[in-house]
**Q** 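Take a look at this one; I'll ask things after.
Numbers restart at 1 for each chain; the letters A, B, ... are given by sequence-line order, proteins then strands. These values consider heavy atoms only, across backbone and side chains, with no hydrogens, waters or symmetry-generated copies.
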Amino acid sequence: MAKDFPTREENYSQWYNDLVIKADLAENSAVRGCMVIKPYGYSIWEKMQAALDKKFKDTGHSNAYFPLFIPKSFFSREAAHVKGFAKECAVVTHYRLKNAEDGKGVVVDETAKLEEELIVRPTSETIIWDTYKNWIQSYRDLPILVNQWANVVRWEMRTRLFLRTTEFLWQEGHTAHETKQEAIDETMLILDVYTDFAEKFMALPVLKGVKSESERFAGAVDTYCIEALMQDGKSLQAGTSHFLGQNFAKAFDVKYLNKENKLNYVWASSWGVSTRLMGALIMAHSDDQGLVLPPKLAPIQVAIVPIYKKAEQLEEISVKAKEIKKLLEARGISVKYDDRDTYKPGWKFAEYEFKGVPVRLAIGPRDMENGTIEVARRDTLEKEVLQVADIDRKVEHLLAQIQENLYTKALNFRNDNTYRADTWEEFTDLIENKGGFVYAHWDGTAETENKIKDKTKATIRLIPLEDDKEEGKCILTGKPSKGRVVFAKAY
RNA sequence: CGGGAUGUAGCGCAGCCAGGUUAGCGCGCCACGUUCGGGACGUGGAGGCCGGGAGUUCGAAUCUCCCCAUCCCGACCA
């Protein structure tokens, strides 16, 4: 299936593109910039959804669903918001087609023009705050802790599977609170939820921080984020959580009566992660042999391959294999027993390897005689022959070990690719020749940030939250800096 | 929207410059047989409006013009 596959060294972006397609995760569709997420890829996304959804519910949130379409006028209510999204909105102007006069196909029926155009949501703050206005009258209605799983559309000029597509899937949480502090607490709570998810499920270490003004969400007071380092030394924003202040409450006139019978604007947060996480997952762990998936997100955690010559052998092996499958499933492990006769064992080995299945078991006639089984792990590509007794416990343990190992490997990689720069020369050298995260001083102005971006293509990924604030001088202007920020080239 | 390139079988490509029988090759696909502990082999077979349209010509995948689509670079991008 995937023999001619470039190494990361040879061509990193080709490696990524080929991996996504050849591992059956997604493909380009007939619609420019929009992808088809294939069953194998989608089942990974479903696992992500399930884990995140549980975390949201466990922290008191409920799911709801708001419309795909947003009246155009809603967008202009919040000035910064419309400015940020105006350039990438799909607009619905008509609601009917008709047969073309020349009989060739259909054309837009110009008489069916919408009174007010509809925007296909690039995010849902506006429609949601217009709705919340009706839900909120008193402090007793607060907080509102709602999340929605949805698709959104942002008309991107250039797209890449999972990393940037015109339409993508995500979740967006939208909360309303009595006080500023509650809204900030919510923003930070979700940042921790995302961090925990990235580290525990994706095996992906992330940096937490706040965005500089130029990277801030359109309409937010503060945007917090988690950033992860990919194997090519570029940073990927894996999730954002915004403290919206009272911006949307004021734009949509959402007030509540407090206990003192006084009207106040509510305080808000919004937060989201998207199918972009799939890109992060792929680029964080995979190698030149293909996809590597952390056990907690792998659709198939264990593949069992029988090795046999005759039909009677297969029958005998199948009995044993199915027995093992049951034992593993009893421990909550997802298992695929692949007894297809249409592919040879070697082919199957290569396929499961390429698709990142964490553990592969092989049973052949020799094993049947010796009471053994071959166990291969995807992360290290190591193989060993174990006694089949107690195999379910051994595999369960191995899966946990793989999960741990992937995280450690990714963390070591990040540590090895995190630098400090004190001069402009050091900085440009690191950005150009090494990549990775570079901690450096910055004078705090958008102007300097932009100049650095123009000169090096590196941007401020985040301002660390609770780093020891060390004073210094801006690497570009030499002006005073209150603390180091994290620079990197980014996706 | 600028610069460059490419459209030939499901996928990847050759053929085009120097027009000429039935358009090839690899992978994949189907059937049968032998195989099966790291991507098997043999034999036979199916599959093409050569991106679309117009033109030149006795004759066009090949030459000319127009159109369409895709990819790469740039601009753009919470």
**Q** State the dot-bracket string of RNA chain B. Criteria: Watson-Crick or G-U wobble, both atom distances under 3.5 angstrom; notation: ( ) intrastrand, [ ] crossing earlier pairs, | interstrand, . unpaired.
**A** (((((((..((((......[...)))).((((((.....)))))).....(((((..]....))))))))))))....
**Q** NA contact type, A:Lys383, heavy-atom cut-off 4.0 Å: base, sugar-phosphate, or nothing?
**A** base
**Q** Would you jot down, in residue-number order, the residues of residues 221-249 of chain A having a non-hydrogen atom under 4.0 Å from RNA chain B?
**A**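 Contacting residues: A:Gln237.
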**Q** Using the test side chain to side chain donor-acceptor pair (under 3.5 Å), find all partners of A:Thr59 that sit at least two apart in sequence or belong to another chain.
**A**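 Checked A:Thr59 against side chain to side chain donor-acceptor pair (under 3.5 Å); matches are A:His61.
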**Q** For nucleotides 40-44 of chain B, list the nitrogen or oxygen atoms of the protein found under 3.5 Å from its nitrogen or oxygen atoms, one pair per line.
**A**
residue: B:rA40; atom: OP2; partner: A:Lys344; partner atom: NZ; Å: 3.3
residue: B:rA40; atom: O4'; partner: A:Lys344; partner atom: NZ; Å: 3.4

**Q** Could you pull out all residues at least two apart from A:Glu374 that satisfy salt bridge (charged side-chain N to carboxylate O under 4.0 Å, His left out)?
**A**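 Partners of A:Glu374 by the salt bridge (charged side-chain N to carboxylate O under 4.0 Å, His left out) criterion, ordered by chain and then number, come out as A:Arg360.
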**Q** Taking only residues two or more places apart in sequence, or in another chain, which ones meet A:His81 in a ring pair (Phe, Tyr, Trp, His ring centres under 6.0 Å)?
**A**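 So A:His81 forms a ring pair (Phe, Tyr, Trp, His ring centres under 6.0 Å) with A:Phe75, A:Phe85, A:Phe217, A:Phe248.
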**Q** What pairs with A:Tyr194 under ring pair (Phe, Tyr, Trp, His ring centres under 6.0 Å), at least two apart in sequence or on another chain?
**A** none
**Q** Any salt bridge (charged side-chain N to carboxylate O under 4.0 Å, His left out) pairs touching residues 32-42 of chain A, not counting sequence neighbours?
**A** A:Asp24-A:Lys38, A:Glu27-A:Lys38
**Q** Considering residues at least two apart in sequence or located in another chain, which fulfil the side chain to side chain contact (heavy atoms under 4.5 Å, CB included) criterion with A:Thr456?
**A** A:Trp424, A:Phe427, A:Thr428, A:Ile431, A:Ile452, A:Ala458
**Q** A:Tyr491: which residues meet the ring pair (Phe, Tyr, Trp, His ring centres under 6.0 Å) condition with it, sequence neighbours left out?
**A**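 With sequence neighbours excluded, A:Tyr491 shows a ring pair (Phe, Tyr, Trp, His ring centres under 6.0 Å) to no residue whatsoever.
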**Q** Under the salt bridge (charged side-chain N to carboxylate O under 4.0 Å, His left out) test, which residues partner A:Arg414, sequence neighbours left out?
**A**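 Partners of A:Arg414 by the salt bridge (charged side-chain N to carboxylate O under 4.0 Å, His left out) criterion come out as none, since no residue qualifies.
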**Q** State which of B:rG38, B:rG37, B:rC77 makes the closest approach to the side chain of A:Ala350.
**A** B:rG38
**Q** Between protein and nucleotides 4-10 of chain B, what N or O pairs are separated by less than 3.5 Å?
**A**
none

